[in-house]
Protein chains: 2
Amino acid sequence: MKDGPDISKIATLIGDPARSNMLLVLMDGRALTASELASAAGITKQTASFHLARLLDGALLAREIQGRHHYFRLDNADVGHAIEALLGIAQNRTGKRTRTGPKEPALRKARICYDHLAGELGVLVYDRMCAQRWLEGAGNETFVTPKGWVALKRIGITKPDPTKSRRPQCKTCLDWSARRHHLSGVMGQHLLKQFFELGWAQRLPKTRIIKFSNKGEASFRNWLN
Amino acid sequence: MKDGPDISKIATLIGDPARSNMLLVLMDGRALTASELASAAGITKQTASFHLARLLDGALLAREIQGRHHYFRLDNADVGHAIEALLGIAQNRTGKRTRTGPKEPALRKARICYDHLAGELGVLVYDRMCAQRWLEGAGNETFVTPKGWVALKRIGITKPDPTKSRRPQCKTCLDWSARRHHLSGVMGQHLLKQFFELGWAQRLPKTRIIKFSNKGEASFRNWLN
DNA sequence: TTTATGGTTCGACTATGATCGAACTATGAA
DNA sequence: TTCATAGTTCGATCATAGTCGAACCATAAA
């Protein structure tokens with residue numbers, strides 16, 4: 001009677017079509033920007049912002065601000081669990097079964113995350129670079145070591161003039177599908193661009209999938225040892 | 001985009017405070033009447049009827065009409081599962097833990113279901129009466145056998161004048177907590193009344209719990225062999 | 001039959017909340 | 001600095017949906 005568990009408030013949050021569409025898109029674990037979510041839900045930026053604020057307030061989503069991009073993801077596993085339970089009722093009602101898209105594994109392996117590499121291979125880059133002391137520090141205070149610059153030069157990335165920009169070159173970004181961090185920021189952007197220019201990988205149109213060729217992935221893994 | 005899984009419709013159904021209150025009350029598995037649900041949710045009969053129709057349409061509730069009483073219960077386990085998942089988010093948000101009431105086991109053992117005995121002991125009555133051929137038939141076509149009337153007479157229930165009423169004396173009622181049928185209808189009502197008059201059991205005030213005394217339960221089980 | 005009660009339907013009122021145009025803020029690039 | 005873009009805030013509009021009074025239907029008891 002009084003307040004109790006606010007089940008109705010949470011259900012109301014999920015109940016709006018625009019919001020449920022956003023949540024469903026996020027069900028695969030990705031973190032998407034507000035604009036991406038807006039187009040996924042078929043609404044304007046303003047409306048999306050309105051809804052995202054409510055979802056944040058209700059602790060259904062978490063926001064990670066990286067530059068001018070605001071990434072939204074499901075706040076915790078409980079949220080995903082509840083949505084799956086609701087999906088269970090819905091599919092029981094229609095008799096249909098959910099079929100997971102065939103592109104899902106490819107997305108988890110390598111995908112573009114705004115401008116850098118995410119997924120298993122993205123996490124691999126970060127792990128290997130840290131393990132070999134090419135990177136030091138953590139979070140937004142991550143720097144490339146001299147040893148790292150040597151390695152980067154091998155694939156054509158040169159150390160920029162330190163007088164031009166004092167901004168940190170590296171940032172880390174939590175990778176939902178792997179639950180670990182990968183490299184983003186300017187360095188992440190440069191790395192991905194270089195993978196493309198080296199012909200190691202290309203982006204599949206209309207999706208976020210990054211497809212490494214067999215030869216490209218071999219060179220990629222070789223570079224990281 | 002088009003229709004997809006109607007997760008938002010289902011969430012909207014749960015999202016209304018009146019409806020979520022009803023659903024929460026039904027979470028223990030009982031089947032309650034529209035009026036009981038109305039008072040539980042703090043709304044009028046008309047409003048409750050409006051909401052219950054929507055919950056029926058959405059297949060969240062099932063209705064079983066017995067006489068002028070309409071009993072509502074959760075339609076299937078998936079519904080309960082989804083509500084529990086939503087409760088999980090809600091309690092995580094406030095940091096509180098749900099504590100299952102201590103009255104829960106007592107409710108499952110024996111409770112009043114409108115006017116007759118439900119719960120484990122209610123199911124036991126029906127099972128034993130069927131097993132000993134005191135009852136024949138099923139559903140709303142259940143009748144007391146001659147052998148049954150002998151047994152009933154032992155606890156003071158006599159066969160009514162068959163000319164007075166041609167209505168079936170017995171009905172069965174699905175017991176949610178046990179997932180099996182128990183005896184309702186006029187016979188169920190008479191039986192429970194007799195249990196009270198014999199001093200075997202009494203009703204705990206303010207709850208639906210029926211408390212059998214140790215001696216009463218022994219006599220009860222003895223009567224049923 | 002009459003009377004009482006449980007439940008639904010109808011109609012009108014009301015409030016909440018979703019939506020978008022427009023203006024504003026913040027970050028990044030040149 | 002200026003320009004472009006991502007995101008939020010404000011304000012006004014509009015529709016949906018919850019609410020209850022009143023009337024109606026169905027069942028049961030007397």
Side-chain angles (χ1 to χ4, degrees), chain A residues 8-9 11-22 31-39 41-58 61 63-72 114-116 140 160 164-169 171 184-186 188-190 193, chain B residues 8-9 11-22 31-58 61 63-72 114-115 140 160 164-169 171 184-186 189-190:
Chain A
S8 73
K9 290 183 184 171
T12 299
L13 284 176
I14 307 177
D16 179 79
R19 287 194 291 261
S20 71
N21 279 332
M22 295 185 184
L32 298 184
T33 66
S35 298
E36 288 170 321
L37 289 169
S39 74
I43 53 180
T44 62
K45 283 186 305 183
Q46 310 94 291
T47 308
S49 181
F50 165 76
H51 289 305
L52 290 170
R54 287 185 166 261
L55 289 170
L56 277 180
D57 180 62
L61 292 186
R63 177 173 52 182
E64 197 166 345
I65 299 180
Q66 292 180 356
R68 58 181 167 177
H69 294 276
H70 292 206
Y71 283 88
F72 295 88
Y114 173 45
D115 61 0
H116 57 274
N140 291 349
K164 286 189 75 174
S165 171
R166 203 158 304 183
R167 293 184 178 279
Q169 295 286 311
K171 293 182 180 178
S184 63
V186 177
Q189 181 184 354
H190 282 178
K193 201 166 86 178
Chain B
S8 72
K9 289 184 184 170
T12 300
L13 283 176
I14 306 177
D16 179 80
R19 286 193 290 261
S20 71
N21 278 333
M22 294 184 185
L32 298 184
T33 65
S35 298
E36 288 170 322
L37 289 169
S39 75
I43 53 181
T44 62
K45 283 186 304 181
Q46 309 94 288
T47 307
S49 181
F50 165 76
H51 288 306
L52 290 170
R54 288 187 163 262
L55 290 170
L56 277 180
D57 180 61
L61 292 186
R63 175 172 54 182
E64 197 165 345
I65 300 179
Q66 293 180 355
R68 58 180 169 181
H69 295 275
H70 293 205
Y71 282 87
F72 295 88
Y114 173 47
D115 60 0
N140 290 348
K164 287 189 75 174
S165 170
R166 203 158 303 182
R167 294 184 177 278
Q169 295 287 310
K171 292 181 180 177
S184 64
V186 177
Q189 181 184 355
H190 282 176

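Naming convention: chains lettered A, B, ... in sequence-line order (proteins, then strands); numbering from 1 in each chain.
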Within the 4.5 Å heavy-atom criterion, are [X] and [Y] side-chain neighbours or not?
X       : Y       : value
B:Ile43 : B:Met22 : yes
B:Thr12 : A:Thr12 : no
B:Tyr71 : B:Leu32 : no

Rounded distance (nearest 0.5 Å) linking atom NE2 of B:His51 with atom OG of B:Ser20 = 10.0 Å
task = To the nearest 0.5 angstrom, please state how far the CG atom of B:Asp16 sits from the OG atom of A:Ser8.
result = 7.5 Å
inquiry  = Assess the residue pair B:Arg54 and B:Leu13 against the criterion (side chain to side chain contact (heavy atoms under 4.5 Å, CB included)); give the C-alpha distance rounded to whole Å, side-chain angles, the decisive distance to 0.1 Å, and a yes or no.
reply    = CA-CA 7 Å; B:Arg54 288 187 163 262; B:Leu13 283 176; 4.0 Å; yes
query = Under a cut-off of 3.5 Å for both distances of each Watson-Crick or G-U pair, what dot-bracket string does DNA chain C give, using [ ] for crossing pairs and | for inter-strand pairs?
reply = ||||||||||||||||||||||||||||||
Separation of atom [atom1] in [X] from atom [atom2] in [N], rounded to whole Å:
X       : N      : atom1 : atom2 : result
A:Tyr71 : D:dT8  : OH    : C1'   : 18 Å
B:Met22 : D:dG18 : CE    : C1'   : 12 Å
A:Leu56 : D:dG7  : CG    : P     : 12 Å
A:His70 : C:dT27 : NE2   : C1'   : 9 Å
B:Lys45 : D:dT19 : NZ    : P     : 17 Å
A:Phe72 : D:dG7  : CZ    : C1'   : 8 Å
A:His69 : C:dT25 : NE2   : P     : 21 Å
A:Asp57 : D:dT9  : CG    : P     : 12 Å

Between protein and nucleotides 3-5 of chain D, what N or O pairs are separated by less than 3.5 Å?
{"unit_1": "D:dT5", "atom_1": "O2", "unit_2": "A:Arg68", "atom_2": "NH1", "d": "3.2"}

Closest non-hydrogen atom pair, A:Ala48 against A:Ala38 = CB-CB, 3.6 Å
remark   = Across all chains, not counting sequence neighbours, the side chain to side chain contact (heavy atoms under 4.5 Å, CB included) partners of A:Arg63 are A:Leu56, A:Ile65, A:His70, A:Phe72
key: Set of residues satisfying side chain to side chain donor-acceptor pair (under 3.5 Å) with respect to B:Thr44, sequence neighbours excluded   = B:Gln46, B:Thr47
request  = Decide yes or no on side chain to side chain contact (heavy atoms under 4.5 Å, CB included) for B:Ile14 and B:Arg19, but give the supporting numbers first.
outcome  = CA-CA 6 Å; B:Ile14 306 177; B:Arg19 286 193 290 261; over 6 Å; no
inquiry  = Would the distance check show the side chain of B:Asn21 and the main-chain N or O of B:Pro17 forming a donor-acceptor pair, the cut-off being under 3.5 Å?
reply    = yes
inquiry  = Just to be sure I understand the rule, does B:Ser35 reach a base, reach only the sugar-phosphate, or reach nothing, if contact means heavy atoms closer than 4.0 Å?
reply    = sugar-phosphate
key: Reading 5' to 3' through nucleotides 17-24 of chain C, protein heavy-atom contacts under 4.0 Å coded B for base, S for sugar-phosphate only, - for none   = -SBBBB--
